[in-house]
Amino acid sequence: MKYLNYFKNKKILITGHTGFKGSWSILVLKFLGAKLYGISNGYVSNPSMFKKLNLHKQLQKNFIFDISNYSKLKKTINVIEPDIILHMAAQALVFKSYTLPFQTMKTNTFGTINLLEIIRNIKFKCTILIITSDKVYKNVEKKSPYFENDEIYGIDPYSASKSMAEIAINSYIKSYLIRKKNINIGIARAGNVIGGGDWAENRIVPDCIKSWTKLKPAKIRNPESTRPWQHVLEPIFGYILFIYYLSKNRKFNGEILNFGPDSKNNYSVIKLINNIGKIWPYKKVR
């Protein structure tokens, strides 16, 4: 596929590079020959996939600071002059957002606004893909999937922080960025990503494995809830393809895309767990 060759020697800045999707993005983009830079506020879990695989060795430069630090973020971006920015830095856990609402909104909303304000003034050519969430939609309890033009109205602190970020993104695109010929920008929404290397707290698959390895039942909060589960590589390759088309064709500038499985492939929590349990010797839930 010719689009994969596009990333060779491209300078790509990944924010949130030490996280689950960030770590997988490093592996994929390094395989494609990109020159990688990362900004993160630390490590989201212990163990950490980033640390276990020594992924700092795959980077041109590994920056550890909070993206809500405007001056530091601006200086870093202007020094690197990246061809591509993949913005994934976030406090990404819904459950954690209830105990840390200010931190969640500071990172997810104002961190994103910092990035938007910086790229509004850059002179070099850059393609930016901002990852938000499928949790931005107003929950109307419908059985059909949500579409890109459905109403944005997140309620819990995490969903609200991403909804506010999207309002800001849309404002910057329509007010400034759409007219800048050196900028191409898009928004990607995805959620319920699973796969190896995810050790975050209050995540269904890691929680089951952690419990079962100790021969304890896994605690399940909403067993009948249905989610659009997808393996981590699926949205990542979707992001890569999206970035390619954003870079090559201005008609995609400002586009918003959902990334998820076919609605026929949605699984309930309990069905997902039962499928995992088929290959695990101890698989009790409660």
Side-chain angles (χ1 to χ4, degrees), residues 3-4 6-41 44 49-50 55-56 58-67 73-74 76-92 107-108 111-116 118-119 122 124-134 162 165-166 169 172-173 177 182-191 193 195 197 230 232-248 252-259:
Y3 80 89
L4 296 177
Y6 172 78
F7 296 89
K8 188 173 183 179
N9 292 322
K10 289 289 189 298
K11 290 190 293 183
I12 302 179
L13 172 61
I14 305 171
T15 71
H17 69 295
T18 60
F20 173 46
K21 283 202 290 185
S23 296
W24 275 102
S25 297
I26 290 171
L27 291 173
V28 173
L29 290 167
K30 188 66 178 179
F31 177 76
L32 298 180
K35 295 178 179 178
L36 302 176
Y37 302 79
I39 298 174
S40 179
N41 195 30
V44 298
M49 178 178 172
F50 182 86
L55 292 179
H56 65 280
Q58 306 299 327
L59 304 175
Q60 303 293 119
K61 190 73 175 178
N62 181 34
F63 298 95
I64 303 296
F65 65 85
D66 193 331
I67 61 166
L73 184 62
K74 180 180 179 180
T76 303
I77 289 173
N78 285 325
V79 167
I80 297 171
E81 294 194 353
D83 302 298
I84 296 164
I85 298 175
L86 178 56
H87 177 53
M88 294 191 288
Q91 192 300 98
T107 301
N108 298 358
T112 300
I113 292 171
N114 277 350
L115 176 64
L116 292 165
I118 292 162
I119 63 176
I122 62 175
F124 55 89
K125 187 175 181 181
C126 188
T127 297
I128 302 99
L129 182 61
I130 300 179
I131 312 303
T132 59
S133 171
D134 63 349
K162 288 293 191 175
E166 284 226 15
I169 297 164
Y172 268 80
I173 289 173
L177 304 179
N182 63 316
I183 296 294
N184 294 303
I185 185 169
I187 302 170
R189 300 171 182 157
V193 176
Q230 55 186 322
V232 61
L233 288 177
E234 294 179 295
I236 286 174
F237 273 98
Y239 301 160
I240 288 170
L241 187 58
F242 192 6
I243 289 168
Y244 172 79
Y245 280 105
L246 279 171
S247 302
K248 291 292 185 179
F252 296 110
N253 197 22
E255 193 69 53
I256 302 169
L257 288 180
N258 289 336
F259 290 88

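Only heavy atoms go into these numbers, but all of them, side chains included; no hydrogens, no water, no symmetry mates.
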Please check this pair: side chain of [X] against backbone of [Y], looking for a donor-acceptor N/O pair closer than 3.5 Å.
X      : Y      : result
Lys11  : Ile80  : yes
Asp134 : Arg189 : no
Asn108 : Ala165 : no
Glu166 : Ile187 : no

First locate atom [atom1] of [X], then atom [atom2] of [Y], and finally report the distance between them rounded to the nearest 0.5 Å.
X      : Y      : atom1 : atom2 : result
Ile173 : Ile256 : CD1   : CD1   : 7.0 Å
Trp24  : Ile236 : CH2   : CD1   : 8.0 Å
Asn41  : Phe65  : CG    : CZ    : 9.5 Å
Asn78  : Leu73  : CG    : CG    : 9.5 Å
Met88  : Thr18  : CE    : OG1   : 10.0 Å
Leu4   : Tyr244 : CG    : OH    : 9.5 Å

Can you check side-chain contact (heavy atoms from CB on, under 4.5 Å) on Lys21 and Tyr239, steps first, answer last? CA-CA 11 Å; Lys21 283 202 290 185; Tyr239 301 160; 2.7 Å; yes
Work out which heavy atom in [X] is nearest to a heavy atom in [Y]; give both atom names and the distance.
X      : Y      : result
Asn184 : Asn253 : CA-OD1, 3.3 Å
Gly111 : Ile67  : CA-CD1, 3.7 Å
Gln230 : Pro235 : OE1-CD, 3.5 Å
Leu36  : Gln58  : CB-O, 4.2 Å
Thr107 : Gln91  : CG2-N, 3.9 Å
Ala90  : Lys162 : CB-NZ, 3.6 Å

Go through Ile243 and Phe7 one step at a time and tell me if the side-chain contact (heavy atoms from CB on, under 4.5 Å) criterion holds. CA-CA 10 Å; Ile243 289 168; Phe7 296 89; 3.9 Å; yes
Check this for me: Tyr245, atom OH, are more than 12 non-hydrogen atoms of other residues, nucleotides or ligands nearer than 6.0 Å? no
Please check if atom NZ in Lys10 has more than 12 non-hydrogen atoms from other residues, nucleotides or ligands closer than 6.0 Å. yes
Within the structure provided, determine whether [X] and [Y] are in side-chain contact (heavy-atom separation under 4.5 Å).
X      : Y      : result
Leu27  : Leu55  : yes
Asn182 : Phe124 : no
Leu29  : Ile84  : no
Asn9   : Asp83  : no
Ile85  : Ile119 : yes
Lys248 : Tyr6   : yes
Ile185 : Leu246 : no
Ile12  : Pro82  : no

In sequence, state the C-alpha distance, the side-chain angles, and the governing distance for Leu177 and Ile128, and then conclude on side-chain contact (heavy atoms from CB on, under 4.5 Å). CA-CA 11 Å; Leu177 304 179; Ile128 302 99; over 6 Å; no
Using side-chain contact (heavy atoms from CB on, under 4.5 Å), reason through Val28 and Phe237 one step at a time and then give a plain yes or no. CA-CA 8 Å; Val28 173; Phe237 273 98; 3.8 Å; yes
What residues, two or more places apart in sequence or in another chain, satisfy side chain to side chain contact (heavy atoms under 4.5 Å, CB included) together with Asn62? His17, Phe50, His56, Leu59, Ile64
